[in-house]
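Encoded as structure tokens, the structure appears first; notes follow it.
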Amino acid sequence: MSLLVTSHFFEKMTTTNPTSIVTVFTFANSDHTSKVVKRGKISRRATDVTGGNLTMSMENASQVYNDFITNKTRLLQSATLEFGFSAVASGSNDVIQLFGGKLKNVSFDKNRATLKFEDKLEGLNERRVGTKETPVSFVNTDVNLADLAWWLATSYGGLSAVESTSNPDINYATWLDWHDNLANDNIVVRAHFTGEKVFEAFDTIQRVGDSVIYAEGDNKLYFTRWTGAGSDTLTFADSDAYAKTTPKVSVSADDITNNVEVLFGWDPTSEAWGGSISFQNTASVNSYGLFERSFDDETVWFVNSQSALNLAQRVVFRRAEPNINVKVVSHLGFLNAQLGDEVQYTSRANSFNALPLNLQGYTIDLEKKSISMEFDEGFVYAGGRLSGFILDDPYWGLLDNPYNPLV
Amino acid sequence: MGDIQLGFDVNSLIVLNATYGSEFSETLHRNDHRTLTGDLFTYIEPNGFTSYKMPETFVNSANRSLVNSWWKTGADLSLILNSDFPSSIETVRIVSKKEPYTKFIRPYFQILYAGDLILETI
């Protein structure tokens with residue numbers, strides 16, 4: 001899904017010469033925009049739960065930031081960086097928040113102060129779930145992965161537990177969609193934590209759930225699980241790629257996975273697995289050889305073979321072939337793109353015509369007015385193709401349900 | 001054609017002896033990008049600034065001292081580009097790492113000076 005923006009914002013964002021550009025930098029509830037010398041880049045990747053850091057270069061000829069040396073309580077105060085366009089009709093700014101975080105470091109050089117901010121959700125990396133002596137367990141109850149993630153985020157991550165779209169820390173709409181998606185596939189798990197960081201737990205949930213948990217510029221956690229083409233699929237073509245940095249296309253066999261074993265029914269007491277399933281794409285094995293992968297997480301695990309098979313099939317379904325990766329630098333017309341968004345990529349140089357890819361990462365550079373994006377045929381840990389059926393393909397052309405569960 | 005005037009305020013202006021080669025330019029925070037299909041994307045952020053470069057000669061000692069003091073203190077100054085239109089005021093500062101008037105004029109050694117005065121709007 002793409003970030004929701006106003007129609008005014010979208011119209012401005014997608015034009016070739018937008019007017020009334022507005023950038024607002026707020027720190028400790030004060031507008032510091034006029035003191036900004038250089039805005040740092042903002043990067044996010046689908047494999048990273050949080051949004052990374054932001055570095056702002058500020059003028060300090062006025063010595064206003066020397067106060068950080070004498071008044072250290074000013075550190076860890078919050079800041080936001082917003083970008084958008086002034087709305088003439090309303091008289092207000094129509095902006096989106098690209099970054100929100102806390103000040104972690106200030107350095108001084110000549111007449112400038114460099115402020116380094118850490119994403120608000122980085123705090124999840126400081127919190128642990130249980131201890132070896134006092135573990136936190138869901139060993140007797142089958143839970144939906146989304147409920148597990150919610151519980152971790154709110155009970156241990158310190159995030160808001162408000163179950164509505166007004167939740168300030170969690171994008172409730174995407175969480176609910178994710179929850180329903182997992183429920184529809186009957187994915188149930190159990191869990192046992194002995195001091196893992198909340199980040200590590202989320203990472204395991206991403207892997208086990210074939211999902212993406214990520215933070216956006218509004219400092220909320222988002223959740224998504226690949227389900228094929230959506231109604232807001234992005235399109236990217238040569239008319240979007242900056243000529244100075246031509247697209248970089250690569251095809252890699254590094255992530256081929258055509259035989260997956262998933263263990264289920266872990267018992268933390270006896271330290272034994274209840275069983276395992278395997279799923280293989282024979283055609284891929286015949287073409288490329290055997291590439292195996294095993295899922296045997298002992299903090300979050302599947303309860304039954306059905307759930308385990310679902311993961312195995314999803315991974316093999318999308319990782320059976322070498323992966324196409326594309327890196328592009330584009331205009332700001334994709335400011336509303338979110339990690340995991342489907343992209344139809346067209347390029348004359350590589351004879352790509354609406355090639356289905358997924359957005360794996362991006363870097364927004366407000367100084368250069370560009371967005372660097374990485375598209376991948378894969379989807380985070382697994383693969384992503386929009387088509388569940390490819391005519392005449394020896395594997396993807398089969399209509400047999402066990403082979404094409406998404407058809 | 002009126003005079004080019006500079007000073008702390010409109011009541012204490014000096015006349016600048018700008019010679020040939022005076023320049024001005026407006027700088028915007030602007031990015032222009034071409035795509036692979038030749039489309040041009042232009043992003044312009046508001047709040048640019050205007051630069052004025054004025055080579056001057058026959059600057060007397062009093063004005064030299066005054067201008068150099070403004071340069072040393074980074075004072076906000078009023079610039080009137082044409083005294084016939086005194087309402088056309090720009091608020092500027094002298095910008096450069098070196099003091100503006102650094103040349104002697106023969107045969108007025110230590111009496112009259114020359115140099116480049118570089119101003120930018122704030």
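Quick note: numbers below take in every heavy atom, side chains included, and nothing from hydrogens, waters or symmetry partners. Note on naming: letters A, B, ... go to the chains in the order of the sequence lines (proteins, then strands), and numbering restarts at 1 for each one.
Remark: A:Asn17 CG to B:Ile44 CD1 distance equals 8.0 Å, nearest 0.5 Å.
Chosen from B:Thr37, B:Asp32, B:Leu36, the residue pairing most often with chain A at heavy-atom distances under 4.5 Å is B:Leu36. With respect to chain A, the highest number of heavy-atom pairs below 4.5 Å among B:Glu45, B:His33, B:Arg34 belongs to B:His33. Note on A:Leu332, A:Thr246, A:Thr15: by heavy-atom pairs under 4.5 Å with chain B, the leading option is A:Leu332.
Among all heavy-atom pairs drawn from A:Ser239 and B:Phe41, the shortest one is O-CE1, 3.9 Å. In terms of heavy-atom proximity, A:Lys369 sits nearest to B:Asn31 at CG-OD1, 3.1 Å.
Shown here is B:Tyr108, whose OH atom has no more than 12 heavy atoms of other residues, nucleotides or ligands within 6.0 Å. Within a 6.0 Å radius of CZ in A:Arg74, other residues, nucleotides and ligands contribute more than 12 heavy atoms. Counting heavy-atom neighbours within 6.0 Å of A:Asp31 CG, excluding the residue itself, gives a total above 12. Atom CD of A:Glu11 is surrounded by 12 or fewer heavy atoms from other residues, nucleotides or ligands within 6.0 Å. The 12-atom threshold is exceeded at CZ of B:Phe104, counting heavy atoms of other residues, nucleotides or ligands nearer than 6.0 Å.
The interface of residues 54-71 of chain A with chain B, defined by heavy-atom distances below 4.5 Å, is empty.
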